[in-house]
Amino acid sequence: MVENGGQASPEELASRLKMRENRLRELHEELAALRLASDEARASREAGEERVRRLEEERGRLKERIRTLEERLRDGRREREGYERRLGRLQRELERREEEISRRDAALRRREEEMEALRREAGELVARKDRALQDALRRVVGLERDLEEREGEVQRLEQEMENLRGRLGEERELRRRLAEPANLLRAGIELFNESGHLRTVGSLSRTLGPPEVHVELEEGGEPAVLLTFTWQGISWQTYAANPSPDVEEPRVYLKSAGEDLSGVQTKPPNARIGPGGKVLLGL
């Protein structure tokens, strides 16, 4: 009901003022929810940055990959800072509106049309805030998904590093053992026993009888183990077996052979063919 020359009654104005206060309270609650979402996004991002920093200290060989991740994080941080600036502007705009409403409360009865315009403007502001909140929520979901993918990649890299450390440890132990000539001889004999050449020696032994076996180290920087088999003082074969991890295949091969020992310097046996046809060091 409109009285006093087109102005609203006090009851109607009070009702409208109460609706305005309720709307402002809703705006405050939406703003608090928006801040909470921003804090959660910031906490999630900071946790991701801490994981990346730990990886930087542990993986010198993966600096390029980590640098790429840091660039992505910086892009995300710039997006977050831009969002916070927009949020600050919205908050300042809301505060300015509240101050304006406070100044106009005294003239509320005479300015019903202006109040209606302000309500429409507040509705547009809420709509913009709703859109901004939905955008922020979508970005948070994307950041969480990206963080999960990065954590999976980190776990895979950690497993690869652990496997690499294990292989390096085994290789260092093998090199240490092979530095001793006696260990190198045994490793070369073991490598020969695992090769297909053992069957060749076994086949000849069934025909010509057990051979005399001499095992020695080849001269040179990366010495191979030389295994010489002599049958009945006539036929002979010399195989090279190199157990060093740096040597490419074939690591066991026939080095020389012959059917005549004339002019060939023979050496006394220091190994034998044992059970199963395998070469054993010692007589």
Side-chain angles (χ1 to χ4, degrees), residues 58-65 152-283:
E58 297 174 0
R59 295 175 179 82
R61 294 178 60 187
L62 298 175
K63 289 182 179 179
E64 188 61 32
R65 183 185 294 275
E153 179 69 11
V154 167
Q155 292 177 357
R156 186 185 67 79
L157 292 175
E158 288 178 345
Q159 184 62 41
E160 290 181 358
M161 291 295 293
E162 186 64 27
N163 295 337
L164 180 59
R165 281 194 292 268
R167 290 195 297 271
L168 289 177
E170 294 174 357
E171 183 174 331
R172 283 196 296 268
E173 176 62 20
L174 178 60
R175 291 179 183 277
R176 185 190 65 79
R177 292 178 55 245
L178 294 182
E180 297 292 333
N183 291 335
L184 183 58
L185 279 175
R186 294 188 182 90
I189 293 173
E190 182 177 352
L191 183 62
F192 178 82
N193 287 335
E194 293 174 354
S195 71
H197 297 286
L198 185 65
R199 290 192 295 272
T200 302
V201 172
S203 177
L204 288 173
S205 298
R206 285 192 293 272
T207 303
L208 303 177
E212 293 181 350
V213 185
H214 180 80
V215 181
E216 62 182 344
L217 293 179
E218 186 180 29
E219 296 181 358
E222 292 288 343
V225 178
L226 301 180
L227 300 92
T228 300
F229 301 89
T230 304
W231 288 272
Q232 298 180 2
I234 300 175
S235 179
W236 58 276
Q237 290 182 344
T238 298
Y239 291 89
N242 196 329
S244 174
D246 297 331
V247 176
E248 298 181 356
E249 296 292 344
R251 300 171 69 187
V252 180
Y253 58 91
L254 180 64
K255 186 176 181 64
S256 59
E259 299 295 335
D260 185 3
L261 290 176
S262 62
V264 177
Q265 182 180 1
T266 60
K267 297 180 181 180
N270 59 358
R272 68 186 188 281
I273 300 297
K278 293 186 176 182
V279 178
L280 300 177
L281 189 63
L283 300 176

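One-based numbering along the sequence shown.
For the atom pair CD (Glu218) and CG (Leu184), the distance works out to 11.0 Å, reported to the nearest 0.5 Å. Atom-to-atom distance recorded for Leu185:CG and Glu190:CD is 13.0 Å, nearest 0.5 angstrom. If you take OG on Ser244 and CZ on Arg251, they are separated by 7.5 Å, rounding to the nearest 0.5 Å. One distance of note links CG of Leu208 with CD of Gln232; it measures 5.5 Å at 0.5 Å rounding. Between atom CZ of residue Arg59 and atom CD of residue Glu64 there is a gap of 16.0 Å, rounded to the nearest 0.5 Å.
Two residues are said to be in side-chain contact when any heavy atoms from C-beta on lie closer than 4.5 Å; Leu226 and Lys255 meet this criterion. Counting only heavy atoms from C-beta outward, the side chains of Asn242 and Val225 never approach each other to under 4.5 Å. Between Leu204 and Pro211 there is no side-chain heavy-atom pair separated by less than 4.5 Å. With a 4.5 Å cut-off on side-chain heavy atoms, Leu198 and Phe192 count as touching. Residues Val213 and Arg272 form no side-chain contact, since every pair of their non-hydrogen atoms from C-beta on lies 4.5 Å or further apart.
The nearest pair of heavy atoms linking Leu254 to His197 is N-CE1, 4.3 Å. Contact between Thr238 and Thr228 at its shortest, heavy atoms only, is OG1-OG1, 3.1 Å. Of all heavy-atom pairs spanning Ala257 and Gln237, the tightest one is CB-CG, 3.8 Å. Among all heavy-atom pairs drawn from Val279 and Ala271, the shortest one is CG1-CB, 4.3 Å. In terms of heavy atoms, Gly188 sits closest to Pro243 at N-CG, 3.9 Å. Closest heavy-atom contact between Pro268 and His214: O-ND1, 2.7 Å.
Few gaps surround CD on Glu249; more than 12 heavy atoms of other groups in view lie less than 6.0 Å from it.
A perpendicular orientation is assigned to the rings of Phe229 and Tyr239, their planes being inclined by more than 60° (bins at 30° and 60°).
Distance alone, capped at 3.5 Å, places no donor-acceptor pair between the Ser235 side chain and the Trp231 backbone.
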